[in-house]
Visitor: 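I'd like to ask you about the structure that follows.
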Amino acid sequence: MPKATETVLEIDLRALEHNYRYLKGRLRPETRFLGVVKAFAYGSDSVAIAKKLEALGADYLAVAYAKEGMVLRDAGIRTRILVLHPLPISFDAIIEHGMEPSLYSRKILREFLEAAKRKSQTDYPIHLKFNTGLNRIGFTGHDVDFIVQHLNAREEVGVVSYFSHLAASEDLNQRDFTQKQIAIFEGISLEINKKLDARPFRHLLNTSGIINYHEYQYDMVRSGIGLYGFGNSPKIDVQLRPVATLKTVISQIHRIESGESVSYNRGYIATSPRLIATLPIGHADGIGRQYGKGKAHVTIQGKKAPIVGNVCMDMIMVDVTGIDCREGDQVIVFGGHHTAQSFAKDAATISYEILTAISQRVKRVVLT
Ligand SMILES: *Cc1c(COP(=O)(O)O)cnc(C)c1O
């Protein structure tokens with residue numbers, strides 16, 4: 001791997017392949033696999049990731065919003081794309097780009113039916129999202145009769161699948177709650193089977209669901225964070241390989257004396273002479289202020305260098321006292337042993353957040 005000469009996010013497609021095969025290996029061979037590539041593929045590079053998942057044989061991709069899927073279609077991705085959270089303003093674009101909406105309320109169902117009619121569709125593929133306890137988006141069991149009334153008589157759309165999403169699949173203290181969600185989903189299944197003319201398939205599990213509740217894999221699973229190398233548990237994390245590594249360089253080194261301060265509002269005051277390195281990465285690149293003031297650290301020459309003082313828009317300062325380093329040396333912000341998960345934990349957040357925060361200003365380098 002080349003040494004970084006500016007701030008770069010390396011995307012390792014071999015790690016993605018490893019994670020895909022690991023997750024597939026925990027499933028029945030016939031279970032379909034949906035790769036979640038929303039939010040720039042968890043902050044990495046959605047086109048590169050989607051192309052690799054397509055080559056690996058993923059059955060579906062998922063994005064949150066229509067625009068994210070349009071980028072994939074424009075890049076030549078032909079795999080089926082589920083749009084998890086479509087808004088009526090994008091229904092025409094969804095149909096024009098051959099994407100499949102997740103419909104989650106009476107209003108959204110009615111409006112999509114109108115869009116499909118306006119665009120003269122027959123049997124246009126749709127998916128139904130049910131809320132079983134996350135209380136985010138979704139129909140409830142009470143909506144089944146409405147759904148059936150509106151869909152059984154209509155030719156414009158065809159239900160391909162229905163699904164729900166677990167609120168706490170990673171938390172084994174919440175097993176009872178999760179089992180309740182599963183029971184509600186099973187109840188909805190009975191109703192759908194009894195009343196809907198179509199025979200859709202069903203899916204429930206995200207990454208931690210695959211790990212902790214694989215007996216409920218049904219016909220498909222939806223994995224995001226696991227593909228990117230994190231399993232929300234130390235036991236699984238060691239089996240996976242992080243896809244993204246964030247690197248930068250030392251732009252300048254200062255020697256400061258006891259009593260001198262670093263960064264805005266004098267967020268750090270030295271109590272002894274220190275060597276301070278300035279790095280070309282800041283909160284505009286995704287390193288939020290919560291990482292400053294000694295909370296998080298980066299790695300230089302294999303050693304920990306804490307972020308000192310407040311994070312600036314375009315720079316952070318790190319304490320390199322005692323580290324044999326020079327201006328121009330490579331810095332690992334996260335990656336290797338100090339993963340995005342451990343970096344995030346130091347600032348009391350989660351891998352999902354730091355990964356998706358890395359802004360589009362940071363150059364992506366794809367390793368194949
Ligand atoms: C984001 C998302 C997923 C992926 O969850 P991970 O924990 O990253 O595996 C699955 N399903 C839905 C509905 C989602 O919104």
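These numbers come from the heavy atoms of this one structure, side chains and all, not from hydrogens, waters or symmetry mates. As the structure lists them, so they are numbered: ligands from 1, and atoms in each ligand from 1.
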Visitor: Please report the closest heavy-atom contact between G69 and I81, naming both atoms and the distance.
Guide: O-CD1, 4.0 Å
Visitor: Please determine if F163 has a nitrogen or oxygen closer than 3.5 Å to a nitrogen or oxygen of ligand 1.
Guide: no
Visitor: Which option wins on minimum heavy-atom distance to atom 14 (C) of ligand 1: H85, R222, K38?
Guide: K38
Visitor: Thinking salt bridges, do D324 and R326 make one under a 4.0 Å N-O criterion?
Guide: yes
Visitor: Could you tell me whether R106 sits above the aromatic face of F139, with NZ or CZ closer than 6.0 angstrom to the six-membered ring centre and within 45 degrees of the axis?
Guide: no
Visitor: Checking Q301 side chain against C325 main chain: does a donor-acceptor pair fall under 3.5 Å?
Guide: no
Visitor: For atom 7 (O) of ligand 1, grab the closest protein heavy atom and report residue, atom and distance to one decimal in Å.
Guide: Y352 OH, 2.7 Å
Visitor: Quick one: does I316's side chain get under 4.5 Å of T248's, heavy atoms only?
Guide: no
Visitor: Please identify which atoms of ligand 1 are closer than 4.0 Å to at least one heavy atom of Y42.
Guide: 1 (C), 4 (C), 5 (O), 6 (P), 8 (O)
Visitor: Go through ligand 1 atom by atom and flag the ones less than 4.0 Å from a non-hydrogen atom of R136.
Guide: 15 (O)
Visitor: Just to be sure I read this right, does ligand 1 sit under 4.0 Å from the backbone of L84, its side chain, both, or neither, counting only heavy atoms?
Guide: side chain
Visitor: For I225, take its heavy atoms, then give the atoms of ligand 1 lying under 4.0 Å from any of them.
Guide: 6 (P), 7 (O), 8 (O), 9 (O)
Visitor: Among all protein heavy atoms, pick the one closest to atom 9 (O) of ligand 1 and tell me residue, atom and distance.
Guide: T207 OG1, 2.5 Å
Visitor: For V36, counting its heavy atoms only, list the atoms of ligand 1 lying under 4.0 Å from any of them.
Guide: 3 (C), 4 (C)
Visitor: So among N212, N206, T178, which one has a side chain to side chain donor-acceptor pair (under 3.5 Å) with S169?
Guide: N206
Visitor: Between S261 and R266, which heavy-atom pair has the shortest distance, and what is it?
Guide: OG-NE, 2.8 Å
Visitor: To which protein heavy atom is atom 12 (C) of ligand 1 closest, and what is the distance rounded to 0.1 Å?
Guide: H165 CE1, 3.5 Å
